[in-house]
Amino acid sequence: MAITTYAELKTAIANWLDRDDLSDSAGDFITLGERKLEREVKHWKGEKRATATFDGRFTAVPADLLEVLRLQVDIDERPLQLVNAQEMHQMRARTSNTAGRPKYFALVDSSFEVYPTPDEDYTGTLYYRATLPSLSDSNTSNWLLEIAPDAYLYASLLESAPFLRDDERLQTWTALYGAAVNQINKVSERATHGGSLRMRIK
């Protein structure tokens, strides 16, 4: 059967487990599997771009931020360097918190803290990996289910094993899941880096 929607995925889980009493639990298996996929799948379709405004020391991060790929000030397109909160504090102390064009950033309390504190308003661009939109009865599909329903299925089946105390199948689901994720990441790598092809920029 085709697996293109949340309902079809739940049906496939029941079929693969040969169980017709898991309609409620299947949703939990999918949710747990999604969080695992979210952490391990790195595909360009899960990446986003957003405008950032640096008009103070702190700037809110997108609600779906998972991993920063690049944060830059657009005036010169130079990427800001990621530091930790302690390093940020030490830099401010050494320079008496002198204002200027931001060059560093830290993730602090759901915000980007930039240093130096902007001496004027700057526009920037954020490139980031976003969280995976969760499937539900109202959100029946997402980009990952569209390109890799097998990975979704195996992730869900893998999460079902502890609940069902099905240790015999755990190794099978783990192997199938790992192979699917590895293939997804390789396809994305070839798409974004050209595989063995390299363009020489003159």
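Given the structure is predicted, the values throughout are model-derived calculations rather than measurements.
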Determine whether I147 and V187 satisfy the following criterion, side chain to side chain contact (heavy atoms under 4.5 Å, CB included), listing intermediate values before the conclusion.
CA-CA 11 Å; I147 68 169; V187 167; over 6 Å; no
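- With values rounded to the nearest 0.5 angstrom, K103 atom NZ is found 11.0 Å from Q81 atom CD.
- In the displayed structure, D121 atom CG is contacted under 6.0 Å by more than 12 heavy atoms of other residues, nucleotides or ligands.
- Classification of the Y115-Y104 ring pair by plane angle, with boundaries at 30° and 60°, yields tilted.
- Contact check for L17 versus R169: side-chain heavy atoms found under the 4.5 Å cut-off.
- For the atom pair CD1 (I184) and CD (E40), the distance works out to 10.5 Å, reported to the nearest 0.5 Å.
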Test side chain to side chain contact (heavy atoms under 4.5 Å, CB included) on I30 and E34; report intermediate values, then the result.
CA-CA 6 Å; I30 292 170; E34 282 176 330; 4.1 Å; yes
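- Counting heavy atoms of neighbouring residues, nucleotides and ligands inside a 6.0 Å radius, atom CD of E168 does not exceed 12 of them.
- The line from NZ of K42 to CG of L69 is 9.0 Å long, rounded to the nearest 0.5 Å.
- Enclosure of atom CG in D24 is not indicated, since only 12 or fewer non-hydrogen atoms of other residues, nucleotides or ligands lie within 6.0 angstrom.
- Nearest heavy atoms, A130 versus K48: CB-CD, 3.9 Å.
- Note on ring orientation: taking the six-membered ring where Trp is involved, the planes of Y154 and W16 are perpendicular (angle over 60°, cut-offs 30° and 60°).
- Here R35 pairs with E38 in a salt bridge; the nearest charged N to carboxylate O distance falls below 4.0 Å.
- Remark: Y6 OH to N139 CG distance equals 10.5 Å, nearest 0.5 Å.
- No more than 12 heavy atoms of other residues, nucleotides or ligands shown are found within 6.0 angstrom of CZ on F163.
- Residues T117 and G56 come closest through the heavy atom pair CG2-C, 4.4 Å.
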What do the steps show when you test V61 against L107 for side chain to side chain contact (heavy atoms under 4.5 Å, CB included), and what is the final call?
CA-CA 9 Å; V61 305; L107 284 166; 3.9 Å; yes
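- Between L22 and I13 there is no side-chain heavy-atom pair separated by less than 4.5 Å.
- Partner D74 forms a side-chain hydrogen bond (donor to acceptor under 3.5 Å, both in side chains) with one of T123, T125, T51 and no other, that one being T125.
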